[in-house]
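Report on the following structure.
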Amino acid sequence: MSIKMPYHMTAADIFAYWKALREGNLPPLRSSIAPSNIRGALPDLFMLDVNDSDVPVFRLAGTRICALFAHELRCLPFAHLWAQGQADNAVALSHAAIQYACPFLLNVTGFTTEGVAQRFDVLLLPL
């Protein structure tokens with residue numbers, strides 16, 4: 001199946017793409033994702049994997065996400081993105097997305113080192 005998406009994609013566009021690839025209630029296979037179909041969103045996407053200790057870690061992260069944190073995120077724990085006290089909730093939701101094959105949309109606020117607030121949507125979609 002080939003799905004063409006616009007250059008600038010939103011969380012709703014990514015969710016629609018993910019939903020179109022699903023088979024019934026099962027999440028899509030990672031191999032069914034065609035990067036060329038979501039080219040405009042790749043800099044804003046990340047993929048988590050669960051290591052042997054059951055800790056979600058970044059398998060890959062888009063260039064804009066890495067730029068926000070000023071370093072490569074690959075192999076770092078997902079909890080690395082979150083302030084203390086928030087990491088456990090984010091990790092629990094990532095585990096729930098995987099365990100129950102259920103998507104989650106998080107509306108989060110992050111802060112720069114200068115204290116400037118930035119709002120983000122974090123869409124957790126199991127594969």
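Treat the numbers as computed from the prediction; the structure is a model and nothing was measured.
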Nearest-0.5 Å distance that lies between atom CD1 in Ile14 and atom CG in Leu105 | 12.5 Å

Hydrophobic cluster identity match, Phe120 and Phe15, side-chain contacts under 4.5 Å = no

Side-chain touch Asp121/Leu106, heavy atoms, less than 4.5 angstrom | no

Apply the test side-chain contact (heavy atoms from CB on, under 4.5 Å) to residues Ile38 and Ile33: give CA-CA distance (whole Å), side-chain angles for both, the deciding distance (0.1 Å), then the verdict.
-> CA-CA 9 Å; Ile38 56 174; Ile33 304 294; 3.8 Å; yes

Going from CG on Leu124 to SG on Cys102, what distance comes out if it is rounded to the nearest 0.5 angstrom?
-> 10.0 Å

Please collect all side-chain hydrogen bond (donor to acceptor under 3.5 Å, both in side chains) contacts where either partner lies in residues 81-91, sequence neighbours excluded, each pair once.
-> none

Calculate, to the nearest 0.5 Å, the distance between atoms CG and CG belonging to Leu29 and Leu127 respectively.
-> 8.5 Å

State, yes or no, whether a side-chain contact exists between His80 and Val57 at a heavy-atom distance under 4.5 Å.
-> no

Val108-Phe69 co-clustered via ILVMFWY side chain contacts under 4.5 Å | yes

Who are the side-chain hydrogen bond (donor to acceptor under 3.5 Å, both in side chains) partners of Glu114, not counting sequence neighbours?
-> Thr112

Do you know which two heavy atoms are closest between Pro28 and Pro126, and how far apart they sit?
-> CD-O, 3.9 Å

Would you check if Lys19 and Leu125 make a side-chain contact, meaning some heavy-atom pair closer than 4.5 Å?
-> no

Same hydrophobic cluster for Tyr100 and Val91, using side-chain heavy-atom links shorter than 4.5 Å among ILVMFWY?
-> no

CG (Leu42) and OG1 (Thr63) are apart, to the nearest 0.5 Å, by 9.0 Å

Check whether any side-chain N or O of Trp18 sits under 3.5 Å from a backbone N or O of Pro27 as a donor-acceptor pair, and report yes or no.
-> no

ILVMFWY network linking Leu45 to Leu73, side-chain heavy atoms under 4.5 angstrom = no

Keeping to residues at least two apart or across chains, list the salt bridge (Lys or Arg N to Asp or Glu O under 4.0 Å) pairs with something in residues 49-63.
-> Asp49-Arg59

Any chance you could measure Leu21, atom CG, to Asn37, atom CG, to the nearest 0.5 Å?
-> 8.0 Å

What is the minimum heavy-atom distance between Gly40 and Arg64, and which atoms define it?
-> O-NH2, 3.9 Å

Any Ser94 side-chain heavy atom under 4.5 Å of Leu48 side chain = yes

Hey, are the side chains of Leu123 and Phe104 touching, using non-hydrogen atoms and a 4.5 Å cut-off?
-> no

Honestly curious: do Val55 and Phe78 fall in one hydrophobic cluster under the side-chain, below-4.5 Å linking rule?
-> no

Do Phe46 and Leu60 have side chains that get closer than 4.5 Å, going by heavy atoms?
-> no

